[in-house]
Amino acid sequence: MEPATAVTSSPARACGGGRSGVPRRLVAALAVTQTVGYGVLYYAFSALLGPMSRDLGISTATAAGALTTAVLVTGLMSVPVGRWLDAHGGHALMTTGALVGAVAAVAWSQVQTVAQLYAVFAVIGAASAMVLYEPAFAVVVAVTAPASRTRALLGITLVAGFASSIFIPLTGQLLEATTWRHTLLILAAGYAAFAIPLHAVALRRTGPRHRAHPAPSRPRAAVLRDAGFWLLAAGFVLHSAALATIAVHLVLYLISLGHPPAVAATLAGLLGLLSVTGRVVTSLSLRWLPMATIAGIVLVVQGAAISLLPFTGKHLAGAIVCLVLFGLGFGVASIATPAILLDRYGSNGYATTAGTLATPVIIAKAGAPLGGAVLAGSSGYRPVILAVAAACITAGLFIAASRRVPPPNRA
């Protein structure tokens, strides 16, 4: 593992950085493309779901399955994308992915059948694997000095954390002014205008010869033999499943507790805003504790907070307290995952390692809401919320416990 104090200035300067070792122009470009990418390729779907379903004459459940398809394809592509990034860097991959994503959004606006919708979302899933957090983080890790990586990743996630807060209302405003098909054409044009040129220009010097620490990749088999990796995988899979379930079912549960729909939606909207605060708090806490410990504590608190919602959530104040505490951990995984992997395995072969971890995490994200719906249909929402709480607490314990297992290079 490289020493935390090592600094290589040339890659940072090549990307517009300085003595800090942070490639500022690269970070700024990726902050924009991640915000617009998540906004168009993921979050806009929730606002478009109703009018699209009505126009196509299909149920919302059938339409929602298209997004599940996209998420599954993203998960299945994580490892091959990671291997490509380790071998070739992100310039060609992310520029091509932005082009594919923009074309797919245009194709989405033209679908007439369920088969066409699902085919388009398979392509959107492939594009997402090429352009969203995992490849963006891998590019930053490759060209940023070790001491500055957390700051660079935090800068990207702080901005991109507002993607849902920007694009869900924006998509709603466009829908009031025009049709869902024209709305998608506008969003596709906006994504193409930002993502394609920014990836093409800002990522030019992020290939293997520009890396801060060029070295052979860590064999994937060594990571898979590490018991600590499986603790991390179990923890992040459980946490991803819990967050995906809450994201889909929280509004309906709050309404079932007696809150008006507008209030329920507003309370759910707090999660996205609070996730940004949680990322800042987590990053500041690195002065005192390692990231795995911090993430473990946050997830346990998160689980404890949401476990109280069935008992206090009928009162507005009780619901707010529970969701504020839960929301502070809503975005922690995005900043914790790269930090923990870098701390444990170093930067060599980072993209492949991150892709290996992302595959089951993303699949859990795709499937958990369906499991939540089945459980809610048979037993009501209280068992769902308590299962989410148990998953968060268990995830926190697993992630914290990974610190007790020596990494492969220290065994």
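The figures that follow rest on heavy atoms only: side chains count, while hydrogens, waters and symmetry mates do not. Computed from a predicted model, the values in this text were never measured in an experiment.
Here CG of Leu397 is found 11.5 Å from OG of Ser402. Values are rounded to the nearest 0.5 Å. For the atom pair CG (Leu184) and OG1 (Thr171), the distance works out to 8.0 Å, reported to the nearest 0.5 Å. Note that CD1 of Ile156 is 6.5 Å distant from CG of Leu26, once rounded to the nearest 0.5 Å. To the nearest 0.5 angstrom, Tyr43 atom OH is 7.5 Å from Tyr38 atom OH. Taken to the nearest 0.5 Å, the CG atom of Leu30 stands 5.5 Å off from the CG atom of Leu203. Put simply, CZ on Arg54 and CG on Leu49 are 9.0 Å apart, with the number rounded to the nearest 0.5 Å.
Taking the centre and axis of the six-membered ring of Phe236, the NZ or CZ atom of Lys365 falls outside the cone set by 45° and 6.0 Å.
Considering all non-hydrogen atoms of both residues, Ala122 and Val73 come closest at O-CG1, 3.5 Å. The two residues Thr282 and Met291 come nearest to each other via the heavy atoms CG2-SD, 3.5 Å. Considering every non-hydrogen atom in both Leu386 and Pro310, the closest pair reads CD2-CG, 4.3 Å. Among all heavy-atom pairs drawn from Cys322 and Ala305, the shortest one is SG-O, 3.5 Å. Residues Ile399 and Ala295 come closest through the heavy atom pair CG2-CB, 4.2 Å. Across all non-hydrogen atoms, the minimal contact from Ala319 to Leu267 is CB-CD1, 4.2 Å.
Using modelled atom types, no side-chain atom of Asp226 and backbone atom of Pro407 make a donor-acceptor pair closer than 3.5 Å. Side-chain atoms of Ser78 come within 3.5 Å of backbone N or O of Gly75 as a donor-acceptor pair. Using modelled atom types, no side-chain atom of Thr178 and backbone atom of Leu174 make a donor-acceptor pair closer than 3.5 Å. Thr245 contributes a side-chain N or O that, together with a main-chain N or O of Ala241, makes up a donor-acceptor pair within less than 3.5 Å. Judged by distance alone, the side chain of Thr293 and the main-chain N or O of Leu289 form no donor-acceptor pair under 3.5 Å. At distances below 3.5 Å, at least one donor-acceptor pair connects side-chain atoms of Gln34 with backbone N or O atoms of Val131. For Arg403 (side chain) and Ala400 (main-chain N/O), no donor-acceptor pair under 3.5 Å exists by modelled atom type.
When side chains are defined from C-beta on, Thr144 does not count as touching Arg151, because their heavy atoms never get closer than 4.5 Å. The shortest distance between side-chain heavy atoms of Leu243 and Gln302 falls below 4.5 Å. Inter-residue side-chain proximity for Glu134 and Val81 is flagged as unmet; no heavy-atom pair is nearer than 4.5 Å. Between His259 and Ile255, every side-chain heavy-atom pair lies at or beyond the 4.5 Å cut-off. Ser379 places a side-chain heavy atom less than 4.5 Å from the side chain of Leu375. Side-chain contact between Leu93 and His199 is absent, with no heavy atoms from C-beta onward closer than 4.5 Å. Side-chain contact between Tyr42 and Val71 is present, with heavy atoms from C-beta onward closer than 4.5 Å. Looking at heavy atoms from C-beta onward, Ile246 lies out of side-chain contact with Val384 at the 4.5 angstrom threshold.
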What's the verdict on side-chain contact (heavy atoms from CB on, under 4.5 Å) for Leu185 and Val106, showing C-alpha distance, side-chain angles and the deciding distance?
CA-CA 6 Å; Leu185 290 174; Val106 172; 4.0 Å; yes

Val201/Arg204 under side-chain contact (heavy atoms from CB on, under 4.5 Å): CA gap, chis, key distance, verdict
CA-CA 6 Å; Val201 174; Arg204 281 182 302 174; 4.1 Å; yes

Would you check, one step at a time, whether the test side-chain contact (heavy atoms from CB on, under 4.5 Å) holds for Trp288 with Ile294?
CA-CA 9 Å; Trp288 302 285; Ile294 296 168; over 6 Å; no

side-chain contact (heavy atoms from CB on, under 4.5 Å), that's the test. Do Val32 and Leu198 meet it? Break it down for me.
CA-CA 9 Å; Val32 172; Leu198 283 176; 3.8 Å; yes

Extract all donor-acceptor atom pairs below 3.5 Å that involve side chains of residues 323-338 and protein atoms in other chains or at least two apart in sequence.
unit_1: Ser334; atom_1: OG; unit_2: Arg279; atom_2: NE; d: 3.1
unit_1: Ser334; atom_1: OG; unit_2: Arg279; atom_2: NH2; d: 3.2
unit_1: Ser334; atom_1: OG; unit_2: Gly331; atom_2: O; d: 2.7
unit_1: Thr337; atom_1: OG1; unit_2: Ala333; atom_2: O; d: 2.7

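Under the side chain to side chain contact (heavy atoms under 4.5 Å, CB included) test applied with His239, the options Leu299, Val361, Val388 reduce to a single match, Leu299.
Within the 6.0 Å centre-distance limit, the rings of Phe45 and Phe121 are counted as a close aromatic pair.
Within a 6.0 Å radius of CZ in Phe194, other residues, nucleotides and ligands contribute 12 heavy atoms or fewer. Atom OH of Tyr191 has more than 12 heavy atoms from other residues, nucleotides or ligands within 6.0 Å.
In the model, Ser59 has a side-chain atom that pairs as donor or acceptor with a side-chain atom of Thr62 under 3.5 Å.
For residues 103-119, there are no side-chain hydrogen bond (donor to acceptor under 3.5 Å, both in side chains) pairs, not counting sequence neighbours.
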